[in-house]
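Comments concern the structure below.
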Amino acid sequence: MKVLMKPIKMIALFEKNGLLTPIRYQFINESKENITICIDKVITKAEEKIAGNHMYIYKCKSIINKIEKIYELKYELNSCKWYLYKI
Amino acid sequence: MVRVIKMENKRIIFHVDVNNAFLSWDAAYRIQHGSTIDLRDIPSIVGGNQATRHGIVLAKSIPTKKFNIITGESIWQAKQKCPNLVVVPPNYHLYMQCSSALIKILEEYSDKLQIYSIDECFIDFTKMRQLLGDPLTVANQLKSRIKKELGFTVNIGISSNKLLAKMAGELKKPDLVHTLYPEEIKNKMWILPVEDLFMVGRATTLKLHKLGIYTIGQLAQTDIELLKYTFKKSGIILWNYSNGIENSFIENKKLTNIKSISNSTTMHFDVEDKETAFKVLLSLVETVAMRLRHSGYYCRIISVLIKTSDLHSYSHQKKLVAPLNCTNAIYDILKKLFIDTWKGEPIRLLGIKVSDLTENEFYQFSLFEKSLEKQLKIDSTIDSIRMKYGSKSIFRSCFVWSGLSPLEGGVSEEFTVMSSIL
């Protein structure tokens, strides 16, 4: 997996108990096209606090261009920003 | 008395010190945000602004040692020594965040904790030993935990007092645990050069060298009367420290009391007119007054410092009848002070300082001065906007197109970088 750390637009589900699940996201690829990707499965969720900065890391699975891909998303609690971290 | 000393000897103190604090914190944050380069592995420094080449070296990575870059020298000097040097601007907000995260972890290990500076802490582990076990094992676990969870490395020094714990922490870096119990002083501390001892600065080192004292061991074996004669009272402290004698307690105080808040800026051009100088003063007072209010203090002495282009400096101060914390009111006094003292020469540096701080409960309303109620409301609104949306989210219109920064300086009042009192 390659580190990208690209900011993305995200639709996510906030459960009543505070649980956060990413659903679908959009990012701009190299040819400046908007690509929308549905998250088929969240495989793992981890929390990190490197440099005291809290982030959730989601390892997810999606079918992109008919190929199943595993990648990582990051959610920064401080800024409420989503990133496509590794793919 | 004997019993007290015995108890003292049983104390176990940890000194936790972040390796290359500012730089490590920046590096960890950058890696978290996808950077593939670790600032700690390349010649890099934290300080000033790379574009304007303004400012000094605040922290440096280990690879800069090869280029003989010294903390405190100007950025352009460092750049001359190493043209490929990576310069990152300081991010005080991040440093406070890292420091708080570190303290939060340390608090799990003992309730007796002294925040010595932004990147150093003392922990009293004496009673925790029964609960958590062998200090060396716990320190190693703690060190690894900080590295794993927070992404930066620390050195931990273990001993029976704060001085020895601090000296142990400085022994070899980075990412190590050292012990320096009294019985180890001879082998571990006495062999070190005398300038490595806490409290021995450049001036003291020179004086000690003149006395033929080059190692801590030599200092420890010197006649105390000779040291008393040369250094007066601090001679006794030096002798005690070199013998590992220090008995201060872990102060549970979270922060050291502040005595004054100051702020200064070196301009990238010489200021020659009053109006520009006023704007610079305003940009300085914006930050100082905000810090003053944030720490819940009022000031009773306001002073202005002027350094001219030929590096001659002078200052002027005023004691107030009623304590203040309002931006505009402080600014008005600073303007008066400036007019009174400025002799018309080109100015390189302007600085301001507020001191004689009192807390809110002693605030004295004045009968003869205009009410600042409205001003204070505006101040608190502006403060909260800045806290929420960033320091430059709202600023005075006089700074538009002025080429001057609307706010100068950014170090918060909680920011103790160094202290000479254990």
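Chain A is the first sequence line, chain B the second, and so forth, proteins listed ahead of strands; every chain is numbered from 1.
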Assess whether atom CG of N65(A) is packed by more than 12 heavy atoms of other residues, nucleotides or ligands within 6.0 Å.
no
What residue in S24(B), A101(B), G34(B) has the most heavy-atom pairs under 4.5 Å with chain A?
G34(B)
Mark yes when over 12 heavy atoms from residues, nucleotides or ligands other than K45(A) sit less than 6.0 Å from its NZ; otherwise mark no.
yes
Quick check: closest heavy atoms across Q32(B) and K74(A), and the distance to 0.1 Å?
O-NZ, 2.8 Å
Is it the backbone or the side chain of K104(B) that comes under 4.5 Å from a heavy atom of chain A, or both, or neither?
neither
To the nearest 0.5 Å, atom CE of M5(A) lies from atom CZ of R30(B) at 13.0 Å
Within a radius of less than 6.0 Å around CZ of R24(A), do more than 12 heavy atoms belonging to other residues, nucleotides or ligands occur?
no
Interatomic spacing from NZ in K147(B) to CD1 in I50(A) - rounded to 0.5 Å
11.5 Å
Contact summary for A51(A) and C98(B), nearest pair of heavy atoms
O-SG, 3.2 Å
Would one find more than 12 heavy atoms of other residues, nucleotides or ligands at under 6.0 Å from atom NZ of K143(B)?
yes
Which bit of E76(A) is near chain B, if near means a heavy-atom gap under 4.5 Å: side chain, backbone, both or neither?
side chain
With a sphere of 6.0 Å drawn around CD1 of I28(A), does it hold more than 12 non-hydrogen atoms of other residues, nucleotides or ligands?
no
Nearest heavy-atom approach of E149(B) to K49(A) is OE1-CE, 3.1 Å
